[in-house]
Number of protein chains: 2
Amino acid sequence: MNFMTENQPKKPSKSDRTRAQILEAARLLFAEHGYDGASIRDVAAHASIDPAMVIRYFRSKDELFARAAVVDLQLPALRVIDRNAIGETLVRRFLEIWEGPASGPGMGILLRSATSNEFAAEKLRDVFGNQVRPVVAAVSDPADAGRRAGLVSSQLLGLAMCRYLLRLPPVVALSHDEIIQKVGPTLQRYAVGEDGS
Amino acid sequence: MNFMTENQPKKPSKSDRTRAQILEAARLLFAEHGYDGASIRDVAAHASIDPAMVIRYFRSKDELFARAAVVDLQLPALRVIDRNAIGETLVRRFLEIWEGPASGPGMGILLRSATSNEFAAEKLRDVFGNQVRPVVAAVSDPADAGRRAGLVSSQLLGLAMCRYLLRLPPVVALSHDEIIQKVGPTLQRYAVGEDGS
DNA sequence: TCCATTTGTCAACGATCGTTGACTTTCTAG
DNA sequence: CTAGAAAGTCAACGATCGTTGACAAATGGA
């Protein structure tokens, strides 16, 4: 066993690039065609290598998917935000995540497969519980942060579905400003709106 | 060829029941596991029948899915509704469709497979264009009915995803009253709210 | 240079899938 | 009652899939 290959910054060894190529191809194809729709052979072809290598580097398709479906929304930065602008802030971050220059297919991977793959569904619920919920809890009564975060997620997830996966024409056509202007207030009300109405 | 087997009310012939059993099993399994996840053999087993019969009655899996994925939201009845209550009315109808006593798995079938099956996606876009959009167009300026209906769909579709497919605990826990109270105003604003804000 | 580890290639396995065709059983009209 | 159509059974096909193991090439330290 090699005790030094893990997390050690001094190994840009030959194989690491292949490994990265596989993972990149996997993320792309999983995001585009879902878990079932993207075969290991497809991933291998996209990475210009042999299918057997995919299994060699990642032990199985499940494990490859687990490695590919890592999502970091980078939401903690929003904790210090004005609670009066939390709605707009969330939509802007949403657009950044899905369309920003540094955006990966991370969320697409999960959302594309979550409807028919229990692992992806569980992972998506994790993202909700560990990343979205805390942000909402920080700007409202933590007691019903779950309910509020759930409503926020329903709107954002639905928007992502319609715009990026289902590609509903009128939703695709919406400009960033329109989305911020229309959806922002909704999230604002869900996140910090009065309880009684 | 038999010219009288179509739409003629006088034929509860032996085979029609089997046909119905197959289709019922198919609707159930497609709704639960998606297009890829539900095999013809599964459907046959659920209908206590031979897999070959499924192909005999419906010509292929695609055709079976097409027959199973028929959705009628029965929304035209809402056309005469008060535009001040369109939001609440839509949420109530939404809950009726998904949880009502006479609710079938229709929408679940489409939504479950729409992320990784282009036919299901197209069918879902059809439901939007031919069933949701006209209702919104009837209560607002038809010129931007598409945009408004798109926003309405994003919220309702996201709610369905979180509550029925992803089963996000806090969203599952929401009572009907809470949903009506929280989501109703959102739809109201999307459907007939002022343009400028 | 030589050898051991790494990296890549190739063919095949067992399983599952949608689909087909030949066959037998059941039902029904004349 | 009997012939023919309808309904159902059975085994197999070709294709695709995830996965494996045996083998060849490349690499890098001694």
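Convention: sequence-line order gives letters A, B, ...; per-chain numbering from 1.
- Among residue pairs with one or both ends in residues 154-176 of chain B, those qualifying as salt bridge (Lys or Arg N to Asp or Glu O under 4.0 Å) are B:Glu99-B:Arg163; sequence neighbours excluded.
- Separating the CG atom of A:Asp16 from the C1' atom of C:dT7 is a distance of 12 Å, rounded to the nearest angstrom.
- Only B:Tyr57, listed by number, bring a heavy atom of residues 57-67 of chain B to less than 4.0 angstrom from any atom of DNA chain D.
- One atom, CZ of A:Arg56, and another, P of C:dT7, lie 8 Å apart when rounded to the nearest Å.
- Only at 4.0 angstrom or more do the heavy atoms of residues 21-33 of chain B sit from any atom of DNA chain D, so none qualifies.
- B:Thr18 has a side-chain polar atom (N or O) that falls below the 4.0 Å cut-off from OP1 or OP2 of D:dG8.
- Between the side chain of B:Arg189 and the backbone N or O of A:Lys182, at least one donor-acceptor pair lies under 3.5 Å.
- Between the side chain of A:Arg125 and the backbone N or O of B:Leu168 there is no donor-acceptor pair closer than 3.5 Å.
- Qualifying side chain to side chain contact (heavy atoms under 4.5 Å, CB included) partners for B:Ser48, counting only residues two or more places apart in sequence or in other chains: none.
- Within the structure, ring-ring contact (aromatic ring centres under 6.0 Å, His included) pairs that include any residue of residues 129-182 of chain A comprise A:Trp98-A:Tyr164 (at least two apart or interchain).
- One axis for each end of the helix from C:dC2-D:dG29 to C:dG30-D:dC1, each built from five base pairs, and the angle between them comes to 0° at 10° resolution.
- To the nearest angstrom, P of D:dC17 lies 13 Å from CD1 of A:Ile55.
- Between the side chain of A:Arg83 and the backbone N or O of A:Val139, at least one donor-acceptor pair lies under 3.5 Å.
- Hydrophobic cluster membership for B:Ile22: B:Leu23, B:Leu29, B:Phe30, B:Tyr35, B:Ile40, B:Val43, B:Ile49, B:Met53, B:Val54, B:Ile55, B:Tyr57, B:Phe58, B:Leu64, B:Phe65, B:Ile109, B:Phe119 (Ile, Leu, Val, Met, Phe, Trp, Tyr linked by side-chain heavy atoms under 4.5 Å, directly or transitively).
- Remark: P of D:dC17 and CG of B:Asp36 are 11 Å apart, rounded to the nearest angstrom.
- Between the side chains of B:Gln155 and A:Ser154, at least one donor N or O sits under 3.5 Å from an acceptor N or O.
- Using a 4.0 Å cutoff on non-hydrogen atoms, the parts of residues 38-51 of chain B near DNA chain D are B:Arg41, B:Asp50, ordered by number.
- Atom CE of B:Met53 and atom P of D:dT9 are 7 Å apart (whole Å).
- In this structure, A:Leu28 stands alone, with no Ile, Leu, Val, Met, Phe, Trp or Tyr side-chain heavy atom under 4.5 Å from its own, directly or through other members.
- Using modelled atom types and a 3.5 Å distance limit, the side chains of A:Ser116 and B:Arg112 yield no donor-acceptor pair.
- Screening residues 48-57 of chain B for salt bridge (Lys or Arg N to Asp or Glu O under 4.0 Å) gives no qualifying pairs among residues at least two apart or on separate chains.
- Applying the salt bridge (Lys or Arg N to Asp or Glu O under 4.0 Å) rule to A:Asp144 yields the partners A:Arg147, A:Arg148; only residues at least two apart in sequence or on another chain are considered.
- One atom, CG of A:Asn117, and another, P of D:dG18, lie 13 Å apart when rounded to the nearest Å.
- The list of side chain to side chain donor-acceptor pair (under 3.5 Å) pairs with a residue in residues 21-33 of chain A, not counting sequence neighbours, is empty.
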